[in-house]
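In what follows, a structure is listed as structure tokens, so that the remarks can point back to it.
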Amino acid sequence: MISFEKLADKALASHPDADTDLLRKAYDFSAAEHAGQTRRSGEPYVTHPLEVASLVADMRLDDVAIAAGLLHDVVEDTLTSIERVEELFGPEVAHVVEGVTKISTIPFSSSEERQAENFRKMLLAMVDDIRVILVKLADRLHNMRTLDHLPEDRRLTIAKETLEIYAPIAQRLGMKKVKNELEDLAFRHLDPRAYETLRAWVDRRRRATQSAVTGLRRTLERTLREAQVPFVRVESRLKRLFGIHQKIKRQRISLEQVYDLIALRVITTSVRDCYATLGIIHQTWSPVPGRFKDFVAMPRANGYQSLHTSVVSDQGVQFEVQIRTEEMHAVAEEGIAAHWKYKEGRVGVAPDERHFAWLRQLLDWQQEVRDPGEFIHSLKVDLYPDEVYTFTPKGEVKALPRGATPIDFAYSIHTDVGHQCVGARVNGRMVPVRTRLRSGDIVEVVTAPGHTPSRDWLNIVVTPRARHKIKHFIHAEEKVQAVELGRKLFDKELRRFDLNAKSVLKGEALSRVAGEFGAQRAADLFAAIGYGKVAARSVLAKLVPKQLEEKPGAPSIGTVVRRILRSSEEKVKVRGFDDLLVFRARCCNPIRGEKIVGYVTRGKGVSVHAARCPNVLNLLYDPERRIDVVWDKRADDAGFVVLLGIQVEDRRGILAEVTSKIAGLKTNVLKVEASTSDRQGQISVVMEIDDLKHLQRVIKVIRGVPGVLEVERRMR
Ligand code: MN
């Protein structure tokens, strides 16, 4: 266990002007407040804050942070108030202690909604003063080191939380050493058997390869000296257990296939020497193609810089080499904490810009994002950076998550560029919006003025920003449509009872009842009807309860005529695409020109079925939810996807004949499958069809092919 004197020495080592009186006072106070308390291990409680403070000192944080480390549990675990801490140690120390106390009371294993709120609190604490999260990480690290003493259920909860929240945050702050230790400790508790097996195996491998590794290291040192490339040291490292575990799981490989178990690392004195060293290494051993990565020219978002390459030794052993300067090395190991080593003055409140920018950005999103699940998703994407580095035509680097598309890229430039994105030129070639970008791609977004995002994009994009902007746009659009649809449904209901809109909606009538349905304004109430959340009939019942009670008798001739005249306005228009609130039912997938019927669903708008659809009979038992629909005149949509099933005689060449006939009618064939059984062949063709007439022509020509026995349209 560390003594207070050692802690004070550590503090002075990185901050010669550190206030050791403050630390002494904090230590004495903490010891007195926690007096009589013991940890599960049986040790006096104060050992914990002392160890935490020591870890904080190792991060080279200032005296305020170290004092906060000593005091971090007094408010939560003793009778001391935060006011008392402030009185004794000043507002800065109290502020950090308060922040850590708040984070400690956050239960992360709660529902998603609560979790999102809790994340938000933690982020706020981080942006407010980064020392809060660093002290918290130190606290968590010491708790993980001493986790053995807790009962199993507590251990599992804490280990899981560590793996899901604290390790990724350490990673995002670039604190690799902390992250690695947290992960390995969590892994040991969550899956003890896998951990043990792996540990034993790695131990054996280490012993077996020790002399070979030493040989490689000596060779490298000698070669560098001969070439007169200066270096600080060459080290060998073993991959972390959790890292190997993840790799095996992710790539579904066996232990023997983990070739980068052992790696060499060269610490150089300058960036220039990094590249010189790389050259020497590639001359000495054969590089493995595709394994060279330059994180020096293109640092990772968390500030990590290094050159990576894999080579094959003369004995055929493949291994990785990392090359970096001492400063890069410090940043790689300690992340945000390392910056203070290289910068003068008191630190803590304004950490490295890059890390800060990330936090701010995240905070911005979370304020905009209403759906907590969505926010958690964003955060998870962002906490596990697996990035590709792309460029604008001007050479500006855009770091995007793996799997990002031109749409993500476009939204990273500007919301309007995103909305109007219709494609992109990647490295000079036109590509569709679904293309996954790769590191090194030069991306030029192609926009079309007036173009707007579609719901499909949500399945394509991976960045939280793009997702959010698209959803925002669609929601706004959807709202407009819902209001419009709601109005139509309401009018229809009025006509059913032969009521006059003007008299029913006199004055502020609708606004008055809106509140009773949880809507703020009349428009919101129409939207609720349009979304199917509120029935038009219920609204009418509130407005004119009496008239609804009287059963409508036989309509007068005048009424009938009015109804016929109005019926054309009452129809909902359907475009070819699956639209936001009026969508084509998947069961029958009607195409333009077919007879269709609409059905108001609960919460999803109007579903449009083909009149031939067997579901129609079942669905339309509720005539109040039926609504007339017509095809919109617009015909500029892409084709309707139709599946045809064709029965043919088993004859050579018939497949080619059928497909060429279809293609002859300027039909886009998407997929063809053929099989034979019992001397009969089945062909299924998926194609794009413009409208019913087009489909009928296609069916006719197929029927005309000799040997075709039957053609039918299949539902799916
Ligand atoms: Mn603690």
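Atoms within each ligand, like the ligands themselves, are counted from 1 in listed order. Since the model is a prediction, treat every value here as computed from it, not as a measurement. Heads up: numbering here begins at 1 and tracks the sequence.
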List the residues meeting salt bridge (Lys or Arg N to Asp or Glu O under 4.0 Å) with [X], not counting sequence neighbours, and say none if there are none.
X    : answer
K160 : E164
R140 : E161
R24  : E5, D28

Check: Y27 vs F4 aromatic rings, parallel, tilted or perpendicular, using cut-offs 30° and 60°?
Finding: parallel
Note to self: If we count only N and O atoms by modelled type, under 3.5 Å, do the side chains of S54 and K6 hold a donor and an acceptor together?
What the structure shows: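 The criterion, which ignores hydrogens and geometry beyond distance, is not satisfied for K6 and S54.
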Note to self: No waters, cut-off 2.8 Å: how many protein N, O or S atoms are close to the Mn ion (ligand 1)?
What the structure shows: 4
Item checked: Test: D148 and R188 ion pair at under 4.0 Å -> yes
